[in-house]
Amino acid sequence: MAGPDNEGMRVRFAPSPTGALHIGGARTALYNWLLARKEGGAFVLRIEDTDRERSTPENVEQILDALRWLELDWDEGPLSQAERAARHREQIDRLLADGHAYEDEGAVRLRVPDEGETVVEDVIRGEVSFPHASIDDFVIARSDGSALYNLAVAVDDLDMGITHVIRGADHLSNTPRQAMILRALGASPPVYAHLPLLHGTDGKKLSKRHGAASVQQLREAGYLPEAVRNYIALLGWGLDASTTFMTTEQLIDGFSLERVSKSPAVFEEQKLRWMNGRYLRELSPKELADRLEARLGRDGLEHAAVVAQEKMQTLSDFWPLAGFLVERRPTDEEAWQKVMVEGARERLEAVRDALAYLDSFRLESIETALREVVERFEVKPKEVFQPLRVAIAGSTISPGIFESVAALGREETLARVDGALARLASPA
RNA sequence: GCCCCCAUGGUGUAGCGGUUAGCACGCGAGGUUUUCAACCUCGUAGGAGGGGUUCGAGUCCCCUUGGGGGUACCA
């Protein structure tokens with residue numbers, strides 16, 4: 001598919017460092033990256049930091065951090081737009097000298113014709129025309145001489161040899177201004193592609209109000225970078241009618257701007273959760289344990305991780321679900337009252353004995369032994385399993401009981417069962 | 001105000017003039033089962049409204065409505 005037209009494709013991601021990287025920005029970065037990788041082009045990272053107030057080193061680092069976490073590596077940069085001030089000034093002077101711009105109360109404005117229109121060729125939206133009558137002579141340099149956004153972007157894209165500008169649709173209206181600057185400079189505009197914006201579940205523009213809306217929040221919430229990548233790739237793009245899960249290779253292979261949709265998409269965390277759960281279950285025990293251990297700062301989580309794996313949707317689900325396998329925790333009183341009813345003590349004692357005298361404390365033998373207890377008492381399985389569950393987990397909710405017992409080990413299981421029995425023995 | 005973009009179920013989307021409008025999330029009901037946020041099955045719900053064009057329109061055109069973006073010496 002890599003036609004000769006795309007030979008030497010150069011794309012860029014140019015965030016302004018105003019804080020965390022939003023998923024909208026993350027998606028823009030992803031699409032640029034996918035295309036660069038697919039076409040063998042270059043992915044350039046440029047920081048639009050001409051607004052010195054908001055552009056702090058911390059904010060820049062946050063963006064780089066998010067990109068690294070998503071494993072979107074850039075080939076050039078990060079370049080600072082602010083550091084190119086001299087070059088911007090040079091081009092402003094040139095526009096001034098050529099008569100394309102003029103001074104107005106100290107600032108510099110670009111001359112925009114009264115008649116005619118500027119047509120933007122957009123890969124996603126087709127030809128979009130903007131009547132010049134609706135665009136006034138806009139300011140390209142402040143009275144202190146510094147360049148403004150549209151000038152800086154046009155000059156930088158030109159100097160960096162950017163061939164394809166892929167960015168959010170919120171930039172579409174500014175595109176004719178940038179194209180006019182480029183033409184005034186004697187250059188041709190690059191290929192444009194304006195991506196549909198991302199909205200929150202209320203239909204409004206995505207913001208902090210919409211829960212985990214930034215990459216760092218997603219990371220903290222326990223999502224996997226590969227799941228996030230897959231999910232956001234699908235926000236505004238799809239390979240075909242039914243493909244949902246795609247590896248990074250498949251994404252690179254199948255991505256195309258032609259299939260990007262035009263209408264805004266709503267970020268819905270529910271679907272991400274579901275998808276993340278699917279990714280989580282694909283991980284090997286080792287991989288899963290590694291990620292949990294890194295996240296929780298603990299070691300030796302593999303047994304517990306395997307036991308909890310099938311029920312987790314995010315890494316954060318692990319501790320509430322299976323933390324009891326790692327350390328003791330207080331018993332949920334409601335669960336205790338619900339389960340430790342008439343006869344529970346006898347059944348728990350039988351369970352204790354069955355487990356205490358097992359030859360091998362393995363999953364299969366544990367299950368056999370516990371099911372024997374069920375048969376002996378002629379009760380429903382849960383009459384036996386739930387008291388045991390509360391005894392070892394302190395909750396009526398846990399991973400599979402046999403797996404949990406096996407993961408806990410004989411000594412600890414018996415200790416906890418004994419603790420429960422002691423409480424049952426003492427008068428309330 | 002002016003300019004621009006968008007419009008398939010609650011959500012993400014498929015469709016590229018003729019389909020019982022497909023897939024997925026969610027939701028609902030069953031099932032599996034030792035609990036459960038896991039899993040399986042079935043189900044639920046849709047082309048904003050109005051005009052055209054056409055033998056035939058979600059698909060093409062126009063209008064209205066709705067949503068979004070821009071219009072800064074912000075980016």
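Treat the numbers as computed from the prediction; the structure is a model and nothing was measured. Just so it is clear: chains get the letters A, B, ... in the order the sequence lines come, proteins before strands, and each one is counted from 1.
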Quiz prompt | Separation of the C1' atoms in rA57(B) and rG15(B), to the nearest angstrom | solution = 13 Å
Exercise. Quick one: label Ser129(A) by what it contacts on the DNA or RNA (base, sugar-phosphate, nothing), any heavy atom closer than 4.0 Å.
Key: sugar-phosphate
Quiz prompt | Nearest-angstrom distance, P atom, rG51(B) to rU13(B) | solution = 30 Å
Quiz item: Looking at residues at least two apart in the chain, or sitting in another chain, which of them share a side chain to side chain donor-acceptor pair (under 3.5 Å) with Glu367(A)?
Solution: Arg371(A)
Quiz item: Think Arg295(A) forms a cation-pi with Trp319(A), using NZ or CZ under 6.0 Å from the six-ring centre and within 45 degrees of its axis?
Solution: no
Quiz item: In whole Å, what separates the P atom of rC40(B) from that of rC25(B)?
Solution: 9 Å
Quiz item: Distance under 6.0 Å and angle within 45° of the ring axis: does Arg328(A) meet both against Phe324(A)?
Solution: no
Practice problem: Using the P atom as the reference point in each nucleotide, state the distance between rC61(B) and rU71(B) in Å, no decimals. | Solution: 29 Å
Exercise. Answer with base, sugar-phosphate or nothing: what part of the nucleic acid does Glu268(A) contact at a heavy-atom distance below 4.0 Å?
Key: base
Quiz item: For residues 327-358 of chain A, which residues have at least one heavy atom under 4.0 Å from RNA chain B?
Solution: none
Quiz prompt | Centroid-centroid under 6.0 Å between Phe267(A) and Tyr231(A) rings | solution = yes
Self-check item: Between P of rG12(B) and CD of Glu269(A), the distance in whole Å
Solution: 16 Å
Self-check item: Sugar-phosphate only, base, or nothing, as touched by Leu235(A) at under 4.0 Å among non-hydrogen atoms
Solution: sugar-phosphate
Practice problem: Would you check if the distance from the ring center of Tyr279(A) to the ring center of Tyr223(A) is below 6.0 Å? | Solution: no
Quiz item: From rG70(B), rA38(B), rU34(B), pick the nucleotide closest to the side chain of Glu310(A)?
Solution: rA38(B)
Self-check item: Pairwise P distance, rU8(B) and rG68(B) [rounded to whole Å]
Solution: 15 Å
Quiz item: Which ranges of RNA chain B pair up as stems, where a stem means three or more consecutive Watson-Crick or G-U pairs with both distances under 3.5 Å?
Solution: B:1-7 with B:65-71, B:10-13 with B:22-25, B:26-31 with B:39-44, B:48-52 with B:60-64
Quiz prompt | Same-atom distance (C1') from rG43(B) to rA7(B), integer angstrom | solution = 28 Å
Exercise. Taking only Lys NZ, Arg NE, NH1 and NH2, and the carboxylate oxygens of Asp or Glu, determine whether Arg298(A) and Glu327(A) approach each other closer than 4.0 Å.
Key: yes
Quiz item: Can you tell which of rC3(B), rA75(B), rU34(B) lies closest to the side chain of Pro381(A)?
Solution: rU34(B)
Exercise. Test Arg12(A) against every option in Thr163(A), Asp157(A), Asn32(A), Asp156(A) by the side chain to side chain donor-acceptor pair (under 3.5 Å) rule and name the one that passes.
Key: Asp157(A)
Exercise. Identify, between Asn150(A) and Trp274(A), the residue whose nearest nucleotide on RNA chain B lies closer to the 5' end.
Key: Trp274(A)
Exercise. For Glu333(A), look at atom CD and say whether over 12 heavy atoms of other residues, nucleotides or ligands are found less than 6.0 Å away.
Key: yes
Quiz item: Can rG47(B) be described as syn, meaning its chi torsion is within 90° of 0, or is it anti?
Solution: syn
Quiz prompt | 5' precedence on RNA chain B between Asp144(A) and Glu127(A) (nearest-nucleotide basis) | solution = Glu127(A)
Practice problem: Return yes when atom NE2 of His303(A) has more than 12 non-hydrogen atoms of other residues, nucleotides or ligands closer than 6.0 Å, and no otherwise. | Solution: no
Quiz item: If we take the P atom in both rA48(B) and rG30(B), what is their distance in whole Å?
Solution: 35 Å
Quiz item: Would you call Asp418(A) and Arg352(A) a salt bridge, using N to O less than 4.0 angstrom?
Solution: yes
